[in-house]
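Notes follow once the structure below has been shown.
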Amino acid sequence: MQIYTVGGAVRDELLGLPVQDRDYVVVGASPEAMLAQGFKPVGKDFPVFLHPKTHEEYALARTERKAGHGYKGFAFHAAPDVSLTDDLARRDLTINAIARADDGTLTDPFNGVADIVAKVLRHVGPAFVEDPVRILRVARFAARFADFAIAPETRELMCQMVAVGEVDHLVPERVWQELAKGLMEARPSRMIEVLHECGALARLIPELDRLFGVPQRADYHPEVDTGVHVMMALDEAAQARYALPVRFAVLLHDLGKGLTPTTDLPRHPGHEVRSVNLVKAVCERLKAPADCRDLALLVARYHGDIRRGPDLRASTVTRLLEHTDALRRPQRFAQLLEACACDYHGRLGWEDKPIPSEDLFTRALAAFRAVDAAAIARGCTNPAEIPERLHAARVAAVKDALALPD
């Protein structure tokens with residue numbers, strides 16, 4: 001039995017990055033031998049075991065053979081005669097196909113170390129085309145390692161996989177898993193751009209893919225291209241280290257612009273309402289978590305109103321706060337404002353441009369709280385039970401606090 005550290009842990013150590021998780025491969029062992037040493041089995045599709053003390057995962061060396069469509073369409077073979085090189089050969093990228101023994105010796109049959117030095121993302125071998133998840137993983141690694149280039153031959157394979165329909169067999173849960181990880185990387189726009197360039201984005205999120213090439217008014221969007229704007233806004237969210245729901249909402253906030261009639265271009269009247277229905281469809285298809293879905297819907301509907309905040313009437317500001325449930329969900333409302341700030345700054349030359357009356361909605365919400373507190377002081381246990389009187393009082397308070405017209 002020989003044990004090696006493999007995959008991301010070895011890669012990140014070579015890059016001088018902190019190691020989050022360690023994966024181990026065991027060569028020359030059987031499930032029975034692992035059980036005899038106290039390891040606990042956890043693998044369903046192939047033998048994976050938990051160390052009896054550290055609880056880290058140890059997988060038996062294995063090979064895999066394509067047996068159907070999608071990432072689950074594989075037959076695995078794990079046995080003592082499977083070599084370390086056999087196991088590394090089934091991995092996606094050369095930089096992830098390096099093993100390290102306990103004494104520090106590296107096994108690098110596919111020149112992953114050289115690709116780390118050259119900053120290249122390159123597939124291990126022809127078996128790459130058998131698993132469509134690898135397209136998502138390459139895109140995600142492009143977002144993580146922003147200074148790495150994708151090898152031309154790897155790009156070509158990704159395009160071929162899309163062309164023959166492999167991407168169409170991906171299950172929503174797996175797409176969401178990779179998408180969510182990629183959105184949390186340092187430069188998430190690269191993930192979307194890679195998927196767009198190989199054609200995968202048009203299959204997975206066509207509503208987003210069609211934004212590339214759609215023009216906008218240059219006075220509001222000097223970058224003009226809607227897809228470019230969304231990518232800039234997304235990277236703004238990453239630079240600010242905003243949470244996943246904010247990044248996802250920024251990604252989808254302008255979907256309605258992809259359906260603007262050509263006669264209206266470069267203006268996009270009513271795109272917020274169109275965006276809401278498209279965001280619903282995308283979230284259902286991807287099975288997005290509720291917090292990501294709910295915030296994305298709010299940002300799609302209200303980002304235009306929030307940008308126009310100083311020009312709104314007090315009644316409009318009040319309705320916006322009520323419809324977004326800002327008083328009961330202040331954290332979500334704060335994330336709504338974060339996403340809208342990314343939309344504002346995600347424009348060419350607007351990165352450091354001050355947002356007019358940036359605290360307008362925060363001050364309006366404070367006025368809301370004062371109105372509700374006064375109602376409770378008068379003996380009303382639940383101010384929401386008197387919506388008409390409460391709404392009028394809130395409008396008056398917002399008008400006074402912000403000096404807005406009725």
ask   = Counting only heavy atoms not in R332, do more than 12 fall under 6.0 Å of its CZ?
value = yes
Would you tell me whether T63 and D86 have side-chain atoms, one donor and one acceptor, within less than 3.5 Å of each other?
no
- Item | Carboxylate-amine/guanidinium proximity below 4.0 Å for K257 and E207 | no
Scanning both residues in full, the closest heavy-atom pair of A233 with C342 reads CB-O, 3.4 Å
Within the side chain of T54, is there an N or O that forms a donor-acceptor pair under 3.5 Å with the backbone of H51?
no
ask   = Are any of the side-chain heavy atoms of I98 and V6 separated by less than 4.5 Å?
value = no
Is the count of non-hydrogen atoms from other residues, nucleotides or ligands lying under 6.0 Å from D81 atom CG greater than 12?
yes
Quick one: does any side-chain atom of Y302 pair with a main-chain N or O of L336 as donor and acceptor, under 3.5 Å? no
*Does some side-chain heavy atom of V214 sit less than 4.5 Å from a side-chain heavy atom of D225?*
no
Could K119 and D115 be called an ion pair, given the rule that one side-chain N must be under 4.0 Å from one carboxylate O?
-> no
Heavy atoms of D291 and P245 approach each other most closely as OD2-CG, 3.6 Å
>> Taking R174 first and then E178, would you say they form a salt bridge - that is, a charged N and a carboxylate O separated by under 4.0 Å?
In response: yes
Taken to the nearest 0.5 Å, the spacing of H271 NE2 from D264 CG works out to 12.5 Å
Exercise for review: Taking T318 for its side chain and A314 for its backbone only, find out whether a donor-acceptor pair lies under 3.5 Å.
Suggested key: yes
Next item on the list: Decide if atom CG of D219 counts as having more than 12 heavy atoms of other residues, nucleotides or ligands within a radius under 6.0 Å.
Entry: yes
Geometric class of the H229/H221 ring pair [parallel <30°, tilted 30-60°, perpendicular >60°]: perpendicular
When L136, L204, I192, L244 are each screened for side chain to side chain contact (heavy atoms under 4.5 Å, CB included) with L179, the one that passes is I192
Crowding at CZ, R210 (>12 non-hydrogen neighbours, <6.0 Å)
yes
Which of L106, V27, L88 passes side chain to side chain contact (heavy atoms under 4.5 Å, CB included) with Y4? It is V27
- Do R190 side-chain atoms and A146 backbone N/O form a donor-acceptor pair below 3.5 Å? yes
- Message: Within the 3.5 Å criterion, strictly below it, is a donor on D343 or H303 matched to an acceptor on the partner's side chain?
- Response: no
Between V82 and D87 the two heavy atoms that sit nearest each other are CG1-N, 4.5 Å
Minimal heavy-atom distance between G182 and A143, with the atoms involved, is O-CB, 4.1 Å
Test your reading of the model: is there a side-chain donor-acceptor pair from H123 to the backbone of L93, 3.5 Å cut-off? no
Tightest non-hydrogen contact, residues H253 and S275, listed as O-OG, 3.5 Å
Notebook entry, point to check: Do V228 and L211 pass the side chain to side chain contact (heavy atoms under 4.5 Å, CB included) test, and can you show the C-alpha distance, the side-chain angles, and the key distance before you say yes or no?
Noted result: CA-CA 9 Å; V228 172; L211 296 184; over 6 Å; no
Assess the side chains of T226 and D254: does a donor N or O sit below 3.5 Å from an acceptor N or O? no
When rounded to the nearest 0.5 Å, the distance separating SG of C283 from CG of L295 is 10.0 Å
Check whether NZ of the Lys or CZ of the Arg R307 lies under 6.0 Å from the centre of the six-membered ring of Y220 and within 45 degrees of that ring's axis. yes
Under 3.5 Å, side chain of D359 to main-chain N/O of T362, donor-acceptor pair present? no
Report task. Give me the ring orientation class for F145 and F148: parallel if the planes are under 30° apart, tilted from 30 to 60°, perpendicular past 60°. Result -> tilted
* To do: Would you confirm whether D108, through its side chain, and V113, through its main-chain N or O, come within 3.5 Å as a donor-acceptor pair?
  => yes
May I ask you to check whether over 12 heavy atoms, not counting those of Q331, lie within 6.0 Å of atom CD?
no
**Message:** Less than 4.0 angstrom from a charged side-chain N to a carboxylate O is my criterion; do D92 and R134 meet it?
**Reply:** no
The reported gap from CG in L278 to CG in L208 (rounded to nearest 0.5 angstrom) is 11.0 Å
* To do: In plain terms, say whether R308 and D305 are close enough for a salt bridge, that is, a side-chain N and a carboxylate O under 4.0 Å apart.
  => yes
Taken to the nearest 0.5 Å, the spacing of Q37 CD from Y58 OH works out to 10.5 Å
- Just by modelled atom types, is the A288 backbone N or O under 3.5 Å from a matching donor or acceptor in the R293 side chain? no
| said: Any carboxylate oxygen within less than 4.0 angstrom of a Lys/Arg side-chain nitrogen, looking at R328 and D325? | reply: yes
For this session: Mind telling me whether F248 and W176 have parallel, tilted or perpendicular rings, with 30° and 60° as the class edges?
Result: perpendicular
Mark yes or no for whether T154, through its side chain, and I150, through its backbone, hold a donor-acceptor pair below 3.5 Å.
no
For H55 and L50, the nearest pair of non-hydrogen atoms, with its separation, is O-CD2, 3.5 Å
Across all chains, not counting sequence neighbours, the salt bridge (Lys or Arg N to Asp or Glu O under 4.0 Å) partners of K181 are none
Crowding at CG, D352 (>12 non-hydrogen neighbours, <6.0 Å):
no
Any side-chain to backbone donor/acceptor pair from E272 onto A300? Under 3.5 Å, distance only. no
Are R394 and E322 ion-paired here, with the side-chain N under 4.0 Å from a carboxylate O?
yes
Here the gap from L60 atom CG to S30 atom OG, rounded to the nearest 0.5 Å, amounts to 7.5 Å
Distance col, row M232:CE vs Q239:CD, nearest 0.5 angstrom, shows 11.0 Å
- Query: Hey, mind stepping through M34 and V26 against side chain to side chain contact (heavy atoms under 4.5 Å, CB included) and telling me if it holds?
  - Reply: CA-CA 9 Å; M34 298 294 287; V26 184; 4.0 Å; yes
message: For V167 and R203: C-alpha separation, side-chain torsions, deciding distance, then whether side chain to side chain contact (heavy atoms under 4.5 Å, CB included) applies.
response: CA-CA 7 Å; V167 171; R203 307 300 303 170; 4.1 Å; yes
Salt bridge (charged side-chain N to carboxylate O under 4.0 Å, His left out) test vs R22 passes for just one of E13, E56, E57, namely E13
Between N96 and R11, a side-chain donor and acceptor under 3.5 Å:
yes
